[in-house]
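Here the structure comes first, spelled out in structure tokens, and everything after it is commentary.
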There are 2 protein chains.
Amino acid sequence: MKYQEATIEELLTTAFQDEALRNAYYETAQEKMFKKGDLLLEQGQICRYCYTLLSGAVRGFYLKDGREITTSFCFTNDVVMSLESATRLTPSPESFEVLEDSLVEVVSVEKLNQLRQQFPVLEKVWTLSMEAYAIWLEERLASLQFATAKERYEQLLERYPEIVRNVQLSHIASYLGITLETLSRIRAKG
Amino acid sequence: MKYQEATIEELLTTAFQDEALRNAYYETAQEKMFKKGDLLLEQGQICRYCYTLLSGAVRGFYLKDGREITTSFCFTNDVVMSLESATRLTPSPESFEVLEDSLVEVVSVEKLNQLRQQFPVLEKVWTLSMEAYAIWLEERLASLQFATAKERYEQLLERYPEIVRNVQLSHIASYLGITLETLSRIRAKG
DNA sequence: GTCGCCATTTGATATATGTCAAATAATTAT
DNA sequence: ATAATTATTTGACATATATCAAATGGCGAC
């Protein structure tokens, strides 16, 4: 999972001026360092924690026919979590792997749900985040549904240049739904 | 937009036992018949109404290079709306076309927002719907990202046989991200 | 610095799917 | 019912992308 939006940021800034909320939050939130290669969550496990990236990079992926299909990239301020697993308490369809040493804020999903109940502003943030995430998914879907491999790469380059800069080709390729050889050729031609 | 889930249904059933809510809702909701071919919303316009299908069928689509790309199919109990346009008041990226004469419950987005504020249970329904919709989109994304055309068709057949039964091939094909000729051949071979 | 391990590029070929065109089949209107 | 329109199937060929294999390049361990 992944989202970002200006109004959500603002709402959070305001919310954290409330001391009660701040205390309740930092009672449960923990900062942790993760190393390159660590798994924040493994496919098949239930997602019990919500991870906010303070620095670093993470990718989501799942296995299909023995090969890894990348579903998302997350960077600073992005939230890492399997929405499906966390809300339904079902096995996660995807794993999340740390791509470079990352500082992460960890909150348990259970505590987060309590906080949402306790502080309506957090419930509001959650709802807005869901909306933003769904809209982001709609966009990505449209891109995969009918753009050519080259168009998809160019869209990625334009919208998320940090991905192209920082992530290895094989991950970008599977994210775009193509092989790394094809991606390499697209880049060579321009 | 499109969603459906058991717990949401249950929550709504309970909610509508509240007379105040029921009255407030039916003050603003209107039933309307739409005819095959009608557009509920046109690409580029702002989505000001939320449509719930009481009967019939609707499809969402957008134009790319002069051809229609189908993004969704909606049937009885599904909600038709451009999430992006309704929440951000931006031009809708997609149109919604009535596929067969349909009975529809219409509520303005503005009123719906008021009702959500007024009745927390409706806010909860909204949030759960967003979660369900995002999860549905994640699934669809995974399907488009790395399944072959045949696999995607078989998944559709299994999960949404009513689409395959009721909708014309060209719409199903663009929904799957393939041409209608390819879909026809997939069906022929089995 | 050198070796060894990955990542990336490049090449040759195979395959899935698209495109264009025509032939049937199914619906709809008259 | 018949004609007209629209949807689906089928065929021949073009193209994008995948696959397999090998060559090159970059980078960390020692």
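Per chain, numbering begins at 1; letters A, B, ... match sequence-line order.
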*Report, as a single string ordered 5' to 3', how protein heavy atoms within less than 4.0 Å touch nucleotides 6-24 of chain D: B base, S sugar-phosphate only, - not at all.*
-SSBBBB----SSBB----
*In sequence, state the C-alpha distance, the side-chain angles, and the governing distance for A:E139 and A:R159, and then conclude on salt bridge (Lys or Arg N to Asp or Glu O under 4.0 Å).*
CA-CA 11 Å; A:E139 253 179 52; A:R159 297 218 32 170; 2.5 Å; yes
_I'd like to know if the side chain of A:N113 and the backbone of A:E110 have a donor-acceptor N/O pair within less than 3.5 Å._
no
*With rounding to the nearest 0.5 Å, note down the distance linking OG in B:S82 to CD in B:E42.*
13.5 Å
_side chain to side chain donor-acceptor pair (under 3.5 Å) contacts in which one or both residues fall within residues 29-38 of chain B, not counting sequence neighbours_ = none
_A:Y175 six-ring centre to A:R140 NZ/CZ under 6.0 Å and within 45° of normal_ = yes
*Six-ring centre of B:F61, B:R59 cation under 6.0 angstrom, axis tolerance 45°*: yes
*Quick check, are the ring centers of B:F16 and B:Y25 under 6.0 angstrom apart?*
yes
_Between the opening five pairs and the closing five pairs of the helix from C:dG1-D:dC30 to C:dT30-D:dA1, how far apart are the helix axes, to 10°?_
50°
*Over how many whole Å does the gap from B:R165 atom CZ to C:dA26 atom P extend?*
19 Å
*Kindly determine whether A:L83 and A:Y133 satisfy side chain to side chain contact (heavy atoms under 4.5 Å, CB included), including the steps that lead there.*
CA-CA 10 Å; A:L83 177 61; A:Y133 181 51; 4.0 Å; yes
